[in-house]
Asker: 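Sharing a structure here in structure tokens format.
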Number of protein chains: 2
Amino acid sequence: MNKDISDTHIRLARYAKAMSHPIRVYVLDVLSSQKCCYSGDLSEYLPIAKSTLSQHLKELKESGLIQGEIEAPKIRYCLNKENWNEAQELFHQFLKR
Amino acid sequence: MNKDISDTHIRLARYAKAMSHPIRVYVLDVLSSQKCCYSGDLSEYLPIAKSTLSQHLKELKESGLIQGEIEAPKIRYCLNKENWNEAQELFHQFLKR
DNA sequence: TTCGTGTTTCGTAAAAATGCGAATTAATAT
DNA sequence: ATATTAATTCGCATTTTTACGAAACACGAA
């Protein structure tokens with residue numbers, strides 16, 4: 001029996017929290033299958049207000065999974081490879097697949 | 001670009017939500033490395049009230065990832081293999097590992 | 001039936017999450 | 001300077017989540 005809540009558990013929970021909303025799963029899905037994407041493009045296909053999308057993108061940024069880069073007047077988003085890889089590894093180990 | 005939020009996205013988000021708290025990650029970790037576990041045993045190692053643990057266990061039950069069986073006066077918890085396998089598969093595909 | 005063990009549910013409080021429209025910001029062009 | 005485009009932040013309302021202790025429940029033994 002593991003004796004403690006470890007940093008690994010906490011890290012995993014943090015990434016899971018970032019993925020705990022369908023919109024955010026969708027965004028990560030898009031970004032993992034193409035290099036980058038503009039907020040406006042995402043907004044086009046999602047049934048939510050642009051402001052709501054911004055809030056979800058903010059949560060993903062704060063989790064470390066994505067990052068944004070200003071290309072005026074647009075913002076381009078892409079995965080943060082380091083953290084995406086960490087999430088991949090953590091889930092892989094946790095789910096033993 | 002994927003055109004819609006799919007059922008897959010929603011399913012994945014639901015499992016991610018179940019894992020979005022460290023206590024629940026810990027519980028799943030324990031259950032995935034041993035056949036089953038009693039609520040009292042879990043409670044012994046976790047720095048939370050028993051009632052809080054019950055609430056977390058309830059969330060895991062509602063997500064479908066675990067199930068409980070009464071062995072009076074105790075309750076034994078174990079993974080729900082079908083849903084655990086589904087979560088494994090969904091995360092595996094999503095994270096491409 | 002009562003009692004004891006183990007656990008859950010309830011009630012409460014506070015914090016966090018979610019959604020929207022309005023206001024604001026950031027960058028560039030004119 | 002103003003105007004435009006693109007996006008974010010803010011304010012608000014509502015719901016959900018998280019944590020705890022008390023109350024209640026579930027079951028078997030006496």
Side-chain angles (χ1 to χ4, degrees), chain A residues 1 4-5 9-28 30-31 36-80, chain B residues 1 4-5 9-28 30-31 36-80:
Chain A
M1 168 91 62
D4 295 304
I5 300 278
H9 294 131
I10 293 169
R11 290 296 292 163
L12 193 74
R14 182 66 187 89
Y15 287 131
K17 176 169 171 263
M19 300 180 200
S20 62
H21 190 290
I23 296 284
R24 298 204 289 272
V25 173
Y26 174 85
V27 170
L28 289 170
V30 169
L31 292 184
C36 59
C37 197
Y38 296 96
S39 176
D41 294 333
L42 288 168
S43 186
E44 214 174 301
Y45 297 104
L46 291 167
I48 54 174
K50 292 181 201 293
S51 61
T52 304
L53 176 59
S54 275
Q55 285 170 333
H56 283 301
L57 291 172
K58 183 175 181 180
E59 171 62 21
L60 286 170
K61 277 190 293 179
E62 285 173 356
S63 76
L65 287 174
I66 70 171
Q67 60 202 22
E69 187 178 333
I70 297 176
E71 291 188 6
K74 300 187 176 188
I75 303 190
R76 187 174 67 174
Y77 287 96
C78 63
L79 289 181
N80 176 302
Chain B
M1 166 95 58
D4 295 305
I5 301 275
H9 293 130
I10 293 169
R11 290 297 292 162
L12 193 76
R14 183 66 187 91
Y15 287 130
K17 177 170 172 260
M19 301 180 198
S20 63
H21 189 288
I23 296 284
R24 299 204 287 272
V25 174
Y26 176 84
V27 170
L28 289 170
V30 169
L31 292 185
C36 60
C37 196
Y38 297 93
S39 176
D41 293 334
L42 288 167
S43 185
E44 215 175 303
Y45 297 105
L46 290 166
I48 53 173
K50 291 179 201 298
S51 58
T52 305
L53 176 59
S54 275
Q55 286 171 329
H56 284 301
L57 291 172
K58 181 174 180 179
E59 171 63 21
L60 285 170
K61 276 190 293 178
E62 286 172 355
S63 76
L65 287 173
I66 71 170
Q67 58 202 23
E69 187 180 332
I70 295 175
E71 290 189 7
K74 300 186 177 191
I75 305 190
R76 186 174 69 175
Y77 288 95
C78 63
L79 289 181
N80 175 302

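What you are looking at is a predicted structure, and each value in this text was computed from that prediction instead of being measured. Excluded from the calculations below are hydrogen atoms, water molecules and symmetry mates; all remaining heavy atoms, backbone and side chain alike, are included. Every chain is numbered from 1 and lettered A, B, ... according to where its sequence line falls, protein lines coming before strand lines.
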Asker: My understanding is that only residues two or more places apart in sequence, or in another chain, count here; which of them pass side-chain contact (heavy atoms from CB on, under 4.5 Å) with A/K61?
Answerer: A/I66, A/Y77
Asker: If you round to the nearest 0.5 Å, how far is NE2 of B/H9 from CG of A/L28?
Answerer: 9.5 Å
Asker: Taking CZ from A/R14 and C1' from D/dT17, how many angstroms apart are they, rounded to a whole number?
Answerer: 15 Å
Asker: Calculate the interatomic distance between A/K74 atom NZ and D/dA6 atom C1'; express it in whole Å.
Answerer: 9 Å
Asker: Take atom OH of A/Y77 and atom P of D/dA6, then tell me their distance rounded to the nearest Å.
Answerer: 15 Å
Asker: Do nucleotides 23-30 of chain C as a string where each nucleotide becomes B, S or -: B if the base has a protein heavy atom under 4.0 Å, S if just the sugar-phosphate does, - if no protein is that close.
Answerer: ----SS--
Asker: Testing the basics here: between B/L31 and B/C36, what is the closest heavy-atom pair and its distance to 0.1 Å?
Answerer: CD2-C, 4.0 Å
Asker: Just jot down the side-chain hydrogen bond (donor to acceptor under 3.5 Å, both in side chains) partners of A/Q67, sequence neighbours excluded, or say none.
Answerer: A/N80
Asker: Could you tell me the separation between the CG atom of A/L46 and the P atom of C/dC20, rounded to a whole number of Å?
Answerer: 11 Å
Asker: Name all residues meeting the side-chain contact (heavy atoms from CB on, under 4.5 Å) criterion together with A/I10; count only those two or more places apart in sequence or in a different chain, and write none if there are none.
Answerer: A/I5, B/P22
Asker: Expressed as a whole number of angstroms, how long is the span from B/E71:CD to C/dT7:P?
Answerer: 11 Å
Asker: Judged by each residue's nearest nucleotide on DNA chain C, which is more toward the 5′ side, A/K17 or B/Y38?
Answerer: B/Y38
Asker: Just to verify, what does B/H56 make a side-chain hydrogen bond (donor to acceptor under 3.5 Å, both in side chains) with, not counting sequence neighbours?
Answerer: B/R24
Asker: Show every salt bridge (charged side-chain N to carboxylate O under 4.0 Å, His left out) that has at least one partner inside residues 42-53 of chain A, sequence neighbours left out.
Answerer: none
Asker: Roughly, in whole Å, what's the span from CZ in B/R76 to P in C/dT5?
Answerer: 23 Å
Asker: Within residues 47-63 of chain B, which residues have any heavy atom lying less than 4.0 Å from an atom of DNA chain D?
Answerer: B/I48, B/A49, B/S51, B/T52, B/Q55, B/H56
Asker: Which residues satisfy the side-chain hydrogen bond (donor to acceptor under 3.5 Å, both in side chains) test with B/R14, sequence neighbours excluded?
Answerer: B/E59
